[in-house]
Engineer: 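If you scroll down you'll find the structure; I have some questions about it.
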Number of protein chains: 2
Amino acid sequence: MTLNASQLDTITEVSPKLGRKRDHTRDPEILDAALEVLAETGYDGMTMEMVAARAKAGKATLYRRWPSKGELVIDAVANMKRGDFDRDHLPDTGTLRGDLVAMIKPHAIEDGARKMRIMAGLMSMISRNPELAEAARAVIVEPRASANRILLQRAVDRGEISADCDIDNLAMLSQSMAIYRVFVLQKPVNRDFFIRLIDGVVLPAVGLGHPAGD
Amino acid sequence: MTLNASQLDTITEVSPKLGRKRDHTRDPEILDAALEVLAETGYDGMTMEMVAARAKAGKATLYRRWPSKGELVIDAVANMKRGDFDRDHLPDTGTLRGDLVAMIKPHAIEDGARKMRIMAGLMSMISRNPELAEAARAVIVEPRASANRILLQRAVDRGEISADCDIDNLAMLSQSMAIYRVFVLQKPVNRDFFIRLIDGVVLPAVGLGHPAGD
DNA sequence: AATATCCGGAACTGTTTAGTTTCGTATAGA
DNA sequence: TCTATACGAAACTAAACAGTTCCGGATATT
């Protein structure tokens, strides 16, 4: 329950006696295992033995590298693979709707669902640990929001939508509605859900949908 | 960690030997205490001793009435005071914006914040317990969403907005964005936040905001 | 082959906490 | 006053789990 100091030093160091490297080669597997267990059972349900077993490692190996369960979790989240929403690889179809729809790939939905499970597992911890909250935000949720912001800004730049739009809120909309849908409504987040959100809320809100004039 | 059967029988029963009533008079205080502790520490951080101490009760008293921690929590959530969003006491200002803004009372914000803290404390448990998820949805989140739905439907009925609007999604929008803002962004949910949401997203989405033509 | 290092496994310690039991007391009906 | 019941407090049991220690084997450098 205690996770205070930050200790994200890098892996490879020099041994005191020999010029040989300290490997810590199992780090990636362990961090992956930690994320999996986290997604399945949540922070409090997760035990170090589960992580060790999942990674086919010994508990001692975990503690050789991380001083506590909390530090391991922070490290796992912070080093999590971000969604591949590079500015350069974003869709560019010429219309906002085209871009937004192009973002809905099966892989992206799958990945997003896993990240939301991780997020839920972290929730109670997040509200008590700003460091973890920031790591989770930066890795789990910000890449996607930032991609949306770029798509919206492009639409503004090409004159498709008004510059008065609340881009910041609109960029977070799909993520926030998805979290709500999964955990509060307990309904699936699938392609149809996102399409309906785009056509029923986002596009109308920027003046492109039905209500304003189809 | 186990919370299966439902045991929401009512409180006052008749003793086997006498016509006297079994009081369980401490029930309300205990349930309140459970909610407070839940909001402060989350389900896993909450201990039965904390709840007992908060209610100035003995641990034995808790177990006389509820078979387990999980059952106590479900009971506390299910019997939680709903927001007072009666169909009859909703604002009716004549415009959608007026109605939505009138919903933002300091008390409602305060109450909503507490409920969100409780929600966060339940998160990891919710994803593993449908019964709890349903109780939380019905009590914490549905009253508000349903109020929004009514206000939107009224606006449709009086011809202020189009019937094509995605009322269901729009009614959940403020809640879902508020959850996101508190837990992911760690920023305060205050009056300004809601006003900006109304003017920047909801009203535009129904064809009343700037982008469509101010 | 000799040696130094990392690793996995298993046994161990100490703490926390769910849940139980016991007991002394307050209260309300008879 | 007498008695049954509900209660608060505290001691208790049993299990789970974070974190530690030890050991034997694998690997790689010399």
Side-chain angles (χ1 to χ4, degrees), chain A residues 1-5 7 11-31 33-34 37-38 40-76 124-125, chain B residues 1-5 7 11-31 33-34 37-38 40-76 124-125:
Chain A
M1 188 81 84
T2 44
L3 29 139
N4 301 320
Q7 220 191 17
I11 294 167
T12 359
E13 304 163 10
V14 175
S15 150
K17 298 203 172 184
L18 277 174
R20 194 173 175 278
K21 288 190 178 178
R22 279 209 181 125
D23 279 15
H24 290 302
T25 58
R26 302 303 315 282
D27 273 26
E29 289 95 318
I30 294 172
L31 292 174
V37 177
L38 204 52
E40 286 170 23
T41 72
Y43 180 87
D44 296 285
M46 156 182 166
T47 72
M48 293 300 259
E49 286 202 343
M50 286 182 201
V51 177
R54 185 72 60 108
K56 294 194 174 84
K59 232 187 347 166
T61 305
L62 271 59
Y63 282 103
R64 279 182 197 114
R65 173 80 178 90
W66 294 275
S68 71
K69 175 180 166 181
E71 299 280 347
L72 168 60
V73 168
I74 290 183
D75 209 8
S124 63
M125 206 44 49
Chain B
M1 189 81 86
T2 44
L3 26 141
N4 301 319
Q7 222 192 14
I11 293 167
T12 358
E13 303 163 12
V14 174
S15 153
K17 299 203 172 181
L18 277 173
R20 194 172 175 280
K21 289 191 176 177
R22 282 211 179 123
D23 278 15
H24 292 301
T25 57
R26 302 302 316 283
D27 272 27
E29 288 95 318
I30 294 172
L31 291 174
V37 177
L38 203 52
E40 286 171 22
T41 71
Y43 179 87
D44 297 285
M46 155 182 166
T47 73
M48 294 300 257
E49 286 202 344
M50 286 182 201
V51 177
R54 184 72 60 107
K56 293 194 173 83
K59 235 193 334 173
T61 306
L62 272 60
Y63 281 103
R64 280 183 196 112
R65 173 81 178 91
W66 295 275
S68 71
K69 174 180 167 181
E71 299 280 349
L72 168 60
V73 168
I74 290 182
D75 208 10
S124 65
M125 206 44 51

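Letters A, B, ... mirror the listed sequences (proteins, then strands); counts begin at 1.
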Engineer: If you measure from NZ on A:K69 to OH on A:Y43, what distance do you get to the nearest 0.5 Å?
Structural biologist: 5.0 Å
Engineer: Quick one: B:R65 CZ to C:dT20 P, roughly how many Å, whole number?
Structural biologist: 16 Å
Engineer: To the nearest Å, how far apart are B:E29 CD and D:dC7 C1'?
Structural biologist: 12 Å
Engineer: Nearest-Å distance, CG (A:L62) to P (D:dT20)?
Structural biologist: 12 Å
Engineer: Answer yes or no: does a side-chain N or O of A:Y63 lie under 4.0 Å from OP1 or OP2 of D:dG19?
Structural biologist: yes
Engineer: Could you pick out which residue, A:E49 or A:R64, lies toward the 5' side of DNA chain D when each is mapped onto its nearest nucleotide?
Structural biologist: A:E49
Engineer: Output the single nucleotide from D:dA18, D:dG19, C:dA18 whose closest atom is nearest the side chain of A:T47.
Structural biologist: D:dA18
Engineer: If every non-hydrogen atom of B:A52 is compared with every non-hydrogen atom of B:K59, which pair is closest and at what distance?
Structural biologist: CB-N, 3.9 Å
Engineer: Closest nucleotide of DNA chain D for A:A60 versus for B:A52: which of these residues is on the 5' side?
Structural biologist: B:A52
Engineer: Please name the pair of heavy atoms, one in B:V51 and one in B:I30, separated by the smallest distance, quoted to 0.1 Å.
Structural biologist: CG1-O, 3.9 Å
Engineer: Given atom CG of A:D44 and atom C1' of C:dT16, what is their separation to the nearest angstrom?
Structural biologist: 13 Å
Engineer: Give one of base, sugar-phosphate or nothing for B:M50, where a contact means two heavy atoms less than 4.0 Å apart.
Structural biologist: nothing
Engineer: Taking CE from B:M48 and P from D:dA11, how many angstroms apart are they, rounded to a whole number?
Structural biologist: 20 Å
Engineer: Which pair of heavy atoms, one from A:D44 and one from A:M125, lies closest together, and at what distance?
Structural biologist: OD1-CE, 4.4 Å
Engineer: For the pair made of CH2 in B:W66 and C1' in C:dA18, what is the distance, rounded to whole Å?
Structural biologist: 16 Å
Engineer: May I ask you to verify whether the side chain of B:K59 and the base of D:dG8 hold a donor-acceptor pair under 3.5 Å?
Structural biologist: no
Engineer: Let me know the distance between NZ of B:K69 and P of C:dT17, rounded to the nearest Å.
Structural biologist: 9 Å
Engineer: If you draw a 6.0 Å radius around CD in A:E29, do more than 12 non-hydrogen atoms from other residues or ligands fall strictly inside?
Structural biologist: yes
Engineer: Rounded off to whole Å, could you give me the CD1-to-C1' distance for the B:I30 and D:dA6 pair?
Structural biologist: 11 Å
Engineer: Side-chain N or O of B:T61 less than 4.0 angstrom from OP1 or OP2 on D:dG8?
Structural biologist: yes
